[in-house]
Amino acid sequence: MGSSEAPLLLAHPGEGKEDPGADVGDRRRLRCCWWWRRCGGASSEGWWAEVTAEAGRLAALAAPMIAVALLQLMMQLISTIMVGHLGEVPLAGAAIANSLTNVSGFSVLMGLASGLETICGQAFGAEQYHKVALYTYRSIIVLLIASVPMAITWVFIPDVLPLIGQDPQIASEAGRYALWLIPGLFAFSVAQCLSKFLQSQSLIFPMVLSSFTTLAVFIPLCWFMVYKVGMGNAGAAFAVSICDWVEVTVLGLYIKFSPSCEKTRAPFTWEAFRGIGNFMRLAVPSALMICLEWWSYELLVLLCGVLPNAALETSVLSICISTVVLVYNLPYGIGTAASVRVSNELGAGNPDGARLVVVVALSIIICTAVLLSITLLSFRHFVGIAFSNEEEVVNHVTRMVPLLSISVLTDNLQGVLSGISRGCGWQHLGAYVNLGAFYLIGIPVGLVAGFALHLGGAGFWIGMIAGGATQVTLLSVITAMTNWQKMADKARDRVYEGSLPTQAD
């Protein structure tokens with residue numbers, strides 16, 4: 001197991017001799033400037049070999065991450081199917097509860113944990129292995145504390161929903177569902193941190209293993225809780241909570257016993273409580289960066305509820321969002337791989353290596369985005385059929401697919417550019433970009449197109465395309481203007497903050 005999960009940040013042999021008297025940073029810079037020398041004076045064959053090698057590293061990371069995302073998506077789909085057979089009210093309650101808990105809880109925790117992609121990845125690249133564990137403990141503390149007010153808020157969901165016009169029966173079902181998700185909220189916090197810990201070391205296999213194990217446990221458990229125990233939709237929520245703890249257990253056992261984690265495994269110390277403010281300076285912008293975009297899509301669904309044909313528009317928009325989420329698994333995997341590789345290279349003091357990762361990752365995603373967009377457009381008549389039997393819904397979805405194909409282009413680029421931003425540590429810029437792109441451009445354009453121009457849900461989606469295009473443009477400009485040597489210096493300062501550089505064993 002250890003050999004199959006060796007870190008992908010490999011040394012580049014044959015790159016000159018190192019001066020034993022030089023400090024750690026100078027030696028790293030000497031052995032890591034391989035790409036610059038080859039681009040400037042070596043043959044094109046040597047440069048192409050490095051490009052293909054980097055593409056292989058990205059693929060080796062991205063493929064299992066895509067598998068993890070698909071396995072987790074299947075769990076959500078199976079849960080929806082089982083609850084759907086209980087009737088419209090339980091399904092509506094579960095749908096509303098999922099939306100509210102995602103907005104007020106899970107999306108925030110995912111965002112906070114994303115701060116680890118920067119500091120753990122850079123610490124691992126700098127061979128400061130003990131700090132990878134320290135940062136992970138620190139993030140677990142922060143996320144568990146943050147989960148407490150979230151859990152308290154969820155308790156009052158059945159009381160709040162009727163105040164905003166929701167049917168009391170649906171509100172009650174939503175409240176029961178959210179209440180049984182609370183035990184899983186704390187497990188989700190720990191699981192996110194453990195996943196980032198492994199991810200920063202390019203150890204993706206345990207994440208695939210935990211996702212597959214969780215899904216295998218969830219299917220019979222959800223059926224048993226929903227139908228045999230008679231808990232209804234709350235049974236599905238309780239099954240999710242139990243399986244969140246199963247995921248934590250699998251990941252925890254792997255970290256404790258696998259030789260792959262031997263260097264980064266460390267006992268918990270009180271030092272984890274120091275420096276929480278430094279972690280929050282990365283975690284909060286990371287959360288804002290993710291949540292601002294996530295919330296904009298949730299707002300779209302709410303706006304559809306006030307359109308003249310609300311049922312049709314909401315159904316169509318839900319199908320569109322589900323399709324985009326499914327397709328987004330590819331850029332998510334590549335973006336995560338780019339985040340790992342960029343942070344590792346910057347931590348190792350290799351700005352040229354980080355630049356190469358960016359070029360290769362963007363080249364890959366541009367090609368795949370065009371291919372996905374063309375494929376989706378070619379199968380536009382079949383997308384609606386996969387989700388609905390009603391002719392009106394199917395026809396409406398078919399008319400929306402050209403807009404979806406444009407969204408695929410922007411979402412794919414955004415996924416990788418966001419991963420690069422997390423690897424570099426400029427999430428604060430990403431948060432400003434998302435705020436401006438979606439709330440100053442996307443949503444206002446959507447409101448004008450949807451209401452003033454009477455385009456309905458299509459108008460809302462045009463607004464999101466405008467926001468996505470703005471987001472990609474701004475992130476591309478920031479990436480193109482990035483001083484990679486400065487990013488490497490910042491990574492070194494961040495990793496060695498409060499301590500002297502020490503050579504790894």
Side-chain angles (χ1 to χ4, degrees), residues 1-15 28 31-40 42-71 117 120-122 124-127 195-196 198-209 211 258 260 328-372 412-413 415-420 422-424 479 484 488:
M1 184 177 292
S3 60
S4 65
E5 283 294 305
L8 297 178
L9 184 65
L10 303 177
H12 301 277
E15 294 300 332
R28 282 180 181 139
R31 73 171 182 258
C32 292
C33 61
W34 54 275
W35 184 64
W36 179 258
R37 292 201 298 273
R38 292 193 177 182
C39 286
S43 64
S44 59
E45 289 81 3
W47 177 82
W48 182 249
E50 297 298 344
V51 170
T52 54
E54 185 57 53
R57 295 186 190 102
L58 286 170
L61 280 169
M65 285 304 304
I66 294 171
V68 169
L70 289 174
L71 287 169
E117 292 188 36
C120 279
Q122 293 179 357
F124 185 78
E127 300 178 1
S195 295
K196 301 301 181 186
L198 293 165
Q199 177 183 308
S200 66
Q201 305 170 63
S202 301
L203 301 175
I204 312 300
F205 169 75
M207 298 169 62
V208 178
L209 176 64
S211 297
S258 173
S260 301
Y328 186 75
N329 285 302
L330 178 62
Y332 166 77
I334 299 175
T336 300
S339 174
V340 172
R341 294 289 299 125
V342 167
S343 63
N344 285 172
E345 294 289 356
L346 291 177
N350 183 6
D352 295 316
R355 186 188 290 111
L356 177 63
V357 174
V358 172
V359 172
V360 174
L362 288 176
S363 300
I364 292 173
I365 203 60
I366 288 172
C367 295
T368 55
V370 171
L371 181 61
L372 283 172
N412 274 251
L413 287 169
V416 173
L417 289 168
S418 295
I420 293 169
R422 297 193 301 272
C424 292
T479 303
W484 293 103

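Both backbone and side-chain heavy atoms feed into the values below; hydrogens, waters and symmetry mates do not.
A 4.5 Å side-chain heavy-atom check between Leu198 and Ile204 finds every atom pair outside the cut-off. Side-chain contact between Asn350 and Asn344: absent, with no pair of heavy atoms (C-beta onward) separated by less than 4.5 Å. Using a 4.5 Å heavy-atom cutoff, the side chains of Arg355 and Glu345 are not in contact. Under the 4.5 Å side-chain criterion, counting only non-hydrogen atoms from C-beta, Trp484 is in contact with Leu346. Annotation: side chain of Val342 is not in contact with side chain of Arg422 (no heavy-atom distance under 4.5 Å). Val416 is listed as a side-chain neighbour of Leu362, based on a closest heavy-atom distance under 4.5 Å.
Between Leu71 and Ser211 the shortest heavy-atom distance is CD1-CB, 3.7 Å. Heavy atoms only, all atoms of each residue included: Ile365 and Asn412 are closest at CG1-O, 3.3 Å. The heavy-atom pair separating Gly121 from Ser343 by the smallest distance is CA-OG, 3.3 Å. Nearest heavy-atom pair, Pro64 versus Ala60, reported as atom, atom and distance to 0.1 Å: CD-O, 3.1 Å. In terms of heavy-atom proximity, Ala337 sits nearest to Ala62 at CB-N, 3.9 Å. Residue Gly419 comes nearest to Ser339 through the heavy atom pair O-CB, 3.1 Å, listed as atom of the first residue, atom of the second, then distance.
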side-chain contact (heavy atoms from CB on, under 4.5 Å), that's the test. Do Ile334 and Leu58 meet it? Break it down for me. CA-CA 7 Å; Ile334 299 175; Leu58 286 170; 5.7 Å; no
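Taking CD from Glu54 and CG from Leu356, the interatomic distance works out to 5.0 Å, rounded to the nearest 0.5 Å. Separation of atoms OG1 (Thr52) and CZ (Arg57) is listed at 9.0 Å; rounding is to 0.5 Å. Taken to the nearest 0.5 Å, the CD atom of Gln199 stands 5.0 Å off from the CE atom of Met207. Note: Ser195 OG to Met65 CE = 7.5 Å, rounded to the nearest 0.5 Å.
Counting only distance, with no hydrogens or angles, the side chain of Gln122 and the backbone of Gly423 share a donor-acceptor pair below 3.5 Å.
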